[in-house]
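First the proteins, then the strands, lettered A, B, ... as listed; each starts at 1.
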Number of protein chains: 2
Amino acid sequence: MVRKTKEDAELTRQRIIDAARDVFLVRGVSRTSMEQVATQAGVTRGAIYWHFNNKTDLLYALRDRVFLPLIDRMDDTLLVEGSTDPLTRIENFLSGTIKVLNDSIETRQTYEIMMLKCEYVDEFEAVLRQMISTCSGIIENVRLTYERAQVKGLLAGDLTPAELAMDTHLFFSGLLHMWVKDIEGTQLRPHALAMIKTHINLRRK
Amino acid sequence: MVRKTKEDAELTRQRIIDAARDVFLVRGVSRTSMEQVATQAGVTRGAIYWHFNNKTDLLYALRDRVFLPLIDRMDDTLLVEGSTDPLTRIENFLSGTIKVLNDSIETRQTYEIMMLKCEYVDEFEAVLRQMISTCSGIIENVRLTYERAQVKGLLAGDLTPAELAMDTHLFFSGLLHMWVKDIEGTQLRPHALAMIKTHINLRRK
DNA sequence: TATTACATACAAACATGTATGTATGTAAAT
DNA sequence: ATTTACATACATACATGTTTGTATGTAATA
C-alpha cells in the first residue's frame with residue numbers, strides 16, 4: 001500500500017471518476033456497485049470512500065466536470081457582441097453545444113448517463129431542480145439575444161422574443177434528448193447541425 | 001389464502017401495477033424492491049411473481065397500460081381528414097397529448113417514471129429503441145400532415161414539410177420533457193398549450 | 001512525528017428468485 | 001347433484017448472494 005503525493009492523489013480521484021463514468025454508462029447508476037467502480041479504476045473501495053462520501057457524490061463530481069465548462073461557455077457565445085448578428089449567435093450557441101458533444105466523448109457519455117442512466121429520486125432530485133434553474137438562465141439569455149435581433153429587424157413573423165426563446169429552448173431540449181438517444185449515431189446525429197440551421201432560418205426575415 | 005376467480009385475479013394484477021407505479025414514482029425503479037410493491041398492493045411477493053416474471057415485466061405492464069392508448073389515438077387525430085385544416089390537426093394532436101397528461105394522473109406518473117425514474121440499461125434498452133421507432137412513425141405522420149397544409153397553401157416560409165416535421169417533433173419532445181420535469185406544475189405546465197399554439201402559428205401563413 | 005491516502009477486514013442488512021404449502025375454482029365423471 | 005382431479009392464485013419458507021458503510025491496518029508524505 002503506497003501513499004501518494006497530492007498530485008498523485010488527484011490523479012487517483014480523476015481515475016475513479018473516469019471509471020465511474022465507464023461503468024455507469026453500461027450498468028446504469030443504481031445497478032453499479034462501488035466495488036465495480038473500484039475494480040475499473042484499479043483501486044479498492046476504501047480509496048473511493050476516501051475521496052467521495054458515497055455514490056451520489058461520485059455522480060456529482062462526474063457531472064460537474066462536464067457541465068460547469070458548458071455553462072461558462074454559454075455567456076461567451078450569446079451575450080458578447082462580436083461581428084456576428086444575434087441570430088447567428090444563437091445558432092452558434094446551439095451548434096457549439098452539439099460540437100462539444102461530438103468532440104468530447106466524456107461530455108457525450110456524461111450526458112447519456114444523466115439523461116438515460118440515472119433516476120432522479122431522493123438526494124438526486126436537487127440535481128433536477130438545478131438543471132431547471134440553469135434552463136431558466138439559458139432561456140433568458142436567448143430572449144435577450146432575440147431582442148437584439150428584433151431591434152436590428154432580423155426577425156420574421158410577429159412573435160415576441162420571449163415566445164421565440166421558449167420555442168427555441170424546447171426545440172433544443174428535444175434535440176439534445178434525441179441526440180443522446182441516437183446511440184449508434186446514425187439517425188439524428190448527422191443532421192443535428194442542419195436542423196439547428198433550419199430552426200434559426202425559420203425565424204429569420 | 002383465498003383463491004380467486006379469473007376476474008379477481010385480474011383485479012389483483014391491476015392492483016399490483018398501480019402499486020408499482022406509486023412506489024416507482026417515489027423511490028425510482030431500481031431502488032424499489034418487490035417487497036415494497038407487494039406491501040403497497042396488499043399482497044405478498046409470491047403473488048407478484050405469479051403474475052410477473054420480474055420487475056422489468058412489471059414495468060413493461062405499467063408502460064403498456066398508458067402508451068398503447070396514446071399511440072392508437074395518434075392516427076385518429078392526424079390522418080383522419082375532418083373539418084379542420086392540417087395545421088390545426090397537428091396542433092390538436094400536440095395539445096391533445098398535453099391534455100391527456102393533465103387529465104390522467106396515471107399517464108402523468110407513468111411519463112414521469114419513464115423519463116426520470118428509470119435507467120435504460122440491459123433488457124430495458126429495447127424499450128428505448130421502441131420509443132425511437134415510435135417517434136419515427138409520429139414524424140412521418142406529421143410530415144404527411146404538413147404536406148397537406150402545403151398543398152392548401154397554409155405554410156409560411158420556404159422550408160420543406162420534412163424539415164418542419166422534424167422541427168415540430170423536436171419542439172414537442174422538448175416540451176414533453178420539460179412538462180414532466182415541472183413537477184410542481186407552476187413553471188411550464190400552465191403555458192404548454194399556448195406554446196403549442198405559438199409553435200404552429202410560427203409556420204402558418 | 002503526525003497526517004494522509006489508501007488497502008483490507010468486519011458487520012450488518014437487504015434483496016432476489018425459487019421451492020413448497022394451501023385453499024379454492026372449474027371441468028369432467030359418476 | 002355430488003365427487004374427483006387438476007389447475008390456479010396466491011402465501012410462506014428457503015437458499016443464496018450481494019452490497020454498503022465503517023473500522024482497522026499500513027506505508028509513505030509532509
**Asked** Rounding to a whole Å, what distance do you find between Ile16(A):CD1 and dC6(C):C1'?
**Response** 9 Å
**Request:** Give the rounded distance in Å between these two atoms: CZ of Arg15(A) and C1' of dA5(C).
**Result:** 12 Å
Under 3.5 Å, sequence neighbours excluded: what are the donor-acceptor pairs made by side chains of residues 125-136 of chain B?
from: Gln130(B); atom 1: OE1; to: Arg63(B); atom 2: NH1; distance (Å): 2.9
from: Thr134(B); atom 1: OG1; to: Gln130(B); atom 2: O; distance (Å): 3.0
from: Ser136(B); atom 1: OG; to: Ile132(B); atom 2: O; distance (Å): 3.3

**Message:** On the nucleotide dC10(D), are OP1 or OP2 found under 4.0 Å from the side-chain N or O atoms that His51(B) carries?
**Reply:** yes
**Message:** Measure CG/Asp8(B) against P/dC10(D) and give the value in whole Å, please.
**Reply:** 8 Å
**Item:** Nucleotide dT20(C), atom C1' - distance to CH2 of Trp50(B) in whole Å
**Value:** 14 Å
**Request:** Produce a footprint string for nucleotides 9-16 of chain C: one letter per nucleotide, 5' end first; B if the base is under 4.0 Å from any protein heavy atom, S if only the sugar-phosphate is, - if neither.
**Result:** B-----SB
**Prompt:** Under the side chain to side chain contact (heavy atoms under 4.5 Å, CB included) test, which residues partner Glu163(B), sequence neighbours left out?
**Reply:** Thr198(A), Leu159(B), Thr160(B)
**Results of side chain to side chain contact (heavy atoms under 4.5 Å, CB included) for Asp85(A) - residues two or more places apart only** = Leu87(A), Thr88(A), Leu154(A), Arg204(A)
**Complete:** side chain to side chain contact (heavy atoms under 4.5 Å, CB included) filter on Gln109(A), not counting sequence neighbours, yields Arg21(A), Asp22(A), Leu25(A), Ile105(A)
**Request:** Compare side-chain N and O positions of Thr12(B) against OP1 and OP2 of dA9(D) and report whether any pair is under 4.0 Å apart.
**Result:** no
**Message:** In this structure, how many angstroms lie between the P atom of dT8(D) and the CD1 atom of Ile48(B), rounded?
**Reply:** 20 Å
**Request:** Figure out the CD/P separation between Glu10(B) and dC10(D), and round it to whole Å.
**Result:** 10 Å
**Asked** Quick one: do the His51(A) and Thr12(A) side chains pair a donor with an acceptor below 3.5 Å?
**Response** no
**Complete:** Sequence neighbours excluded, the answer for side chain to side chain contact (heavy atoms under 4.5 Å, CB included) partners of Arg189(B) is Arg108(B), Trp179(B), Asp182(B)
**Prompt:** Which residue, Glu7(A) or Asn54(A), contacts DNA chain D at a nucleotide closer to its 5' end, judged by nearest heavy atom?
**Reply:** Asn54(A)
